[in-house]
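What follows is a set of notes on a single structure, which appears directly below.
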Amino acid sequence: MYSGFERCFCCHYLRIACCHGVIIVTTKKGKAGGTHVDFRASVTAQQWQRSVDLLNAEEYGLVNFRAGVNDGSILNTTTLSNGQPNTGMNKYTYMYDVAWNNGIPTLNNIIMPEFLDVAGTPVMRAGDTDWVKEISRTGLMQNYNVTVTSGTDKGRALFSVDYYGNNGTVKGTYFDRVTARINSDYKLINDRVTIGENLSLSKTRSSVISDRTLQEGAKNIQSIVPIHSLDGGWGGPASNMSDRQNPVRLIEDNKQNHEDVFRIFGDVNLTVDILKGLTFRSKFGIDYTGWWKRDMQKTYQSGFMSDKTARLNTYANYGGNWILSNTLQYKLDLGKSNFDILVGQEMLKYRLEDMSAGRDGFLLENEDYMYLSVGDGNLRNGGGATAYALSSFFGKINYSFDNKYLASVTVRRDGSSRFGANNRWGTFPAFSLGWRVSEEGFFEGAKNVVSDLKLRYGWGMTGNQEIDNYASYGLYQARYFTDPAFNRDQGTAYDITGAGQGELPSGFVRTQLQNPDLKWEATTQNNAGIDFGLFNQMFTGSVDYFFKKTNDILVKPPYIATIGFGGDRWVNGASMENSGFEFLLTFNKKIGEVELNISGNIASYRNKITKLPEDVINSYAGNGNDQTILGRPWKSLFGYVADGIFQNQEEVDAHVGQPGKGVGRIRYKNLNGDNVINDEDRTWLGVEDPDFLYGLNLSATWRNFDVSMFWNGQVGSHANVNSIKAFTDFYGFFGGQNYGARLLDAWSPANPNSTIPAVSANNVNDEGRFSTYFIENTSFLKLANFEIGYTLPKAWLQAARMQNARIYVSGQNLLTVKKGWGDNAFTGVDPETPDFAYPVPRAFTLGVNVSF
């Protein structure tokens, strides 16, 4: 979203495009009257939480056995019988001591394999590794800041240095940042000219391997795999397992890899008071970054996975934008009538250039030696650039009469290089009205109850241009050949003998169709609100309602194969409506020595898709024919209705035709009455968005103590947790990896009340289909923050020559109450992040703020 907002004195809220003005960033300035030093420090410990319970080595063997029993693959010829070993059994897999009674197996004992190696001298002894524990730790965050301010009546200056370090809850992950900031302003020529600057420099360093990658690895690799082999090497998957990397090895082999970012952000500005009430402002801002990454890939042997070639890849990019804005503002005071008129223009130019290089084959594998010039094979390189530009003209008029009647009108004209030549520019008007009812004479009698009352209405349009920089152009790429394993048919050169790869010229492949008519996505919003105060502002609050309609939504729809390569095309092809309300109420009261503040809010919103191109409809929920997303919320869920688990063969026989049905399997409802389960039995299952969201902020001070807490939550929300429950509840979806411990409670004749289907290595019932089985209620109430602080007494401060000092302790993400009943109760850890299986960590902070 390019067109920004500033807080409107009529509409009060930032989210409305009523004034539709320039983005205003407020920066902290130096203080007049000497030099002041502020120091802040805090240390936070983050407590990692296990996202899901996993099967240990023996439990995995038990689940494997149960799957074999259910699938009919546990036979006398492939198991131990009455404790006597079967010599035909593979010695590298689980073995079972089974007693048979009339063809029914009873498990007496699980016999673990001694080694996992499948060839040569065994060195990888079977283990029982808690991989999540092995990669996890208590994370530590540190933040230190020193700010120095000084000023006189002619100028002010501020300088600050900030350090932030975060060693995450996953070993090997970290983020460090140092930031220096300086801003100042000085008055010249009888205080009519002010010049200043706001400049920030930052340097960050972070790990290249992500916590998500490591957590996924720890979740998927089997517990029976050891960390190390007996010869000091790395443990890894055996031949009968999936190719899941040893996450401890990934941590160790990536210690030397990192990425660095340097950023310069800020502006220089000029303000000139030309005449009384007439002010000219000019600002030139920049935001540039330089990014560098070095990725050394060492040789390794980890189970059957290995790489005998040391590799180095380096990546770099640099770029950013500059912005030039000029405004002319005139303020006119005519007694009861007040005008504020602003006109201006703004230009932005963005450019980013990137490059990469790599080489293989290094004699030594350390960061002092591994540079591109000493590699001996497979030299590779690449690079590119991208750019876009924006230009804007705008005008705004604010009017106030007797501080009772308020009005504002804004018009913007924005142009973006990202759009087609036919529609590069867009016009976005807005207006707002306000009425301070409490300032009217007839309202005096009510002020002892209603101390303040203001009515607001705003209407405005905003534009969105967040698409590819060259979205409107037809694009082609020189492509000699591509990865033969995945894209071998996309090359443009062909030698019938197969011997001329290095000699043939490259042709061009189309990668995108042009659209010269591509234009701005436009959103029109109406907002009506009431601000009020009661009992001399002891209660204050607001009520807001908004209705928003977005037209010409920018989308890249799928295309039919007959178009050929490069059929992608950005189009304006969708429309959506949103509406909602928000209610905010704050209570302020001093009771004796206690100052109490309680603030709560509740909000709700709804949306629906009102238009979609024909070739896009099938990309959204629905069947593309009689049931489509049109007229429904865009986060609607569409699928089958799971109707429990078949308990016996009689229930299976009585049900309609359902391929793969069986005892212990999920039963699906036949909704269209045709006596067969197929695509026509899908229906609308709910909406992910909550019915409403709420928050509660409480704070109190007593003498030198202060305490605060923040609660937030949502009600009526649902989430598609297919990716999580497919891992925790099903043994047959993924082969050769670990699974969630919920499988231990799967359905069986001895456990008929379980809601988890029977364990099976097959998916004959197609239980991976999206159904109500994968929809869970994510309503929650969370204690997001709790803090207690103490401000040192003035006598202590004077003795230490300090102006102020406060110490505090706080906790974040301390308590989560989730809905715990019903078939769709949330089974994960943190319903606030249902699609991300790893919960927000619980954290505890100790901090101090000191001023001199």
Side-chain angles (χ1 to χ4, degrees), residues 55 60 62-75 78 103-105 220 240 242 618 621-625 627 637-686 720-776 823-824 827:
L55 296 171
Y60 186 94
L62 176 60
V63 169
N64 184 64
F65 172 79
R66 290 176 177 175
V69 172
N70 293 334
D71 295 340
S73 59
I74 295 293
L75 306 174
T78 59
I104 299 176
N220 292 330
N240 58 342
S242 57
N618 288 333
N623 59 17
N625 297 315
Q627 300 190 75
L637 301 169
F638 184 80
Y640 295 87
V641 178
D643 188 27
I645 293 177
F646 291 109
Q647 298 293 320
N648 49 57
Q649 190 60 43
E650 288 75 16
E651 291 186 5
V652 174
D653 296 338
H655 192 50
V656 299
Q658 178 180 310
K661 65 181 179 178
V663 177
R665 308 264 47 95
I666 296 177
R667 174 173 51 213
Y668 298 98
K669 283 190 176 182
N670 178 227
L671 299 181
N672 65 348
D674 63 356
N675 293 323
V676 62
I677 302 299
N678 54 33
D679 285 352
E680 301 305 313
D681 293 301
R682 293 178 298 167
T683 187
W684 299 100
L685 307 178
N720 171 9
V721 294
N722 182 292
S723 61
I724 300 172
K725 293 188 78 171
F727 168 80
T728 61
D729 292 20
F730 296 90
Y731 185 70
F733 287 5
F734 313 102
Q737 66 170 52
N738 203 2
Y739 302 93
R742 279 171 53 90
L743 281 170
L744 297 171
D745 190 41
W747 186 95
S748 69
N751 187 27
N753 295 323
S754 175
T755 59
I756 303 171
V759 178
S760 173
N762 304 307
N763 187 27
V764 295
N765 195 36
D766 189 20
E767 289 167 347
R769 71 182 82 185
F770 183 63
S771 71
T772 52
Y773 189 87
F774 298 105
I775 298 176
E776 295 187 346
D823 291 340
N824 66 345
T827 58

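Index from 1, following the sequence. None of these values were measured; they are calculated from a predicted model.
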remark   = dist I756:CD1 -> I666:CD1 (nearest 0.5 Å) comes out at 10.5 Å
task = Could you walk me through whether I724 and E776 pass the side chain to side chain contact (heavy atoms under 4.5 Å, CB included) test, one step at a time?
result = CA-CA 11 Å; I724 300 172; E776 295 187 346; over 6 Å; no
ask   = Counting N and O atoms only, with roles assigned by atom type, does the side chain of R665 sit under 3.5 Å from a partner on the main chain of P757, one being a donor and the other an acceptor?
value = no
query = Which pair of heavy atoms, one from A642 and one from S771, lies closest together, and at what distance?
reply = CB-OG, 4.1 Å
note = All heavy atoms of N738 vs all of Y60, minimum pair found to be OD1-CD1, 3.7 Å
request  = For N672 and N670, test the side chains for any donor-to-acceptor distance below 3.5 angstrom and give the result as yes or no.
outcome  = yes
query = How far does CG of L685 sit from CD1 of I775, to the nearest 0.5 angstrom?
reply = 4.0 Å
query = Checking R667 side chain against D643 main chain: does a donor-acceptor pair fall under 3.5 Å?
reply = yes
ask   = Does N763 reach the main-chain N or O of E767 with its side chain, forming a donor-acceptor pair under 3.5 Å?
value = yes
query = Under the salt bridge (Lys or Arg N to Asp or Glu O under 4.0 Å) rule, what pairs show up with a residue in residues 673-682, not counting sequence neighbours?
reply = none
note = Contacts of F727 meeting ring-ring contact (aromatic ring centres under 6.0 Å, His included) (sequence neighbours excluded), chain-then-number -> none
task = Name all pairs fulfilling the salt bridge (Lys or Arg N to Asp or Glu O under 4.0 Å) condition that reach into residues 748-759, sequence neighbours left out, sorted by first residue then second.
result = none
request  = List for me each residue that meets ring-ring contact (aromatic ring centres under 6.0 Å, His included) alongside F770, sequence neighbours excluded, and say none if there are none.
outcome  = none
task = For N678 and Y640, work out which heavy atoms get closest and say how close.
result = O-CE2, 3.2 Å
remark   = N751 and A746 have their tightest heavy-atom pair at ND2-O, 3.2 Å
ask   = What are the two closest heavy atoms between N70 and A758, and how far apart are they?
value = ND2-CB, 3.9 Å
ask   = Hey, does the side chain of D745 reach the backbone of S754 with a donor-acceptor pair shorter than 3.5 angstrom?
value = no
L55 CG to Y731 OH distance, which is reported to the nearest 0.5 Å = 9.0 Å
request  = Just jot down the side chain to side chain donor-acceptor pair (under 3.5 Å) partners of Y773, sequence neighbours excluded, or say none.
outcome  = D729
remark   = In short, T827 meets R742 closest at the heavy-atom pair CG2-NH1, 3.6 Å
query = Of all residues at least two apart in sequence or in a different chain, which pass the side-chain contact (heavy atoms from CB on, under 4.5 Å) check with K661?
reply = F646, V652, H655, Q658, N765
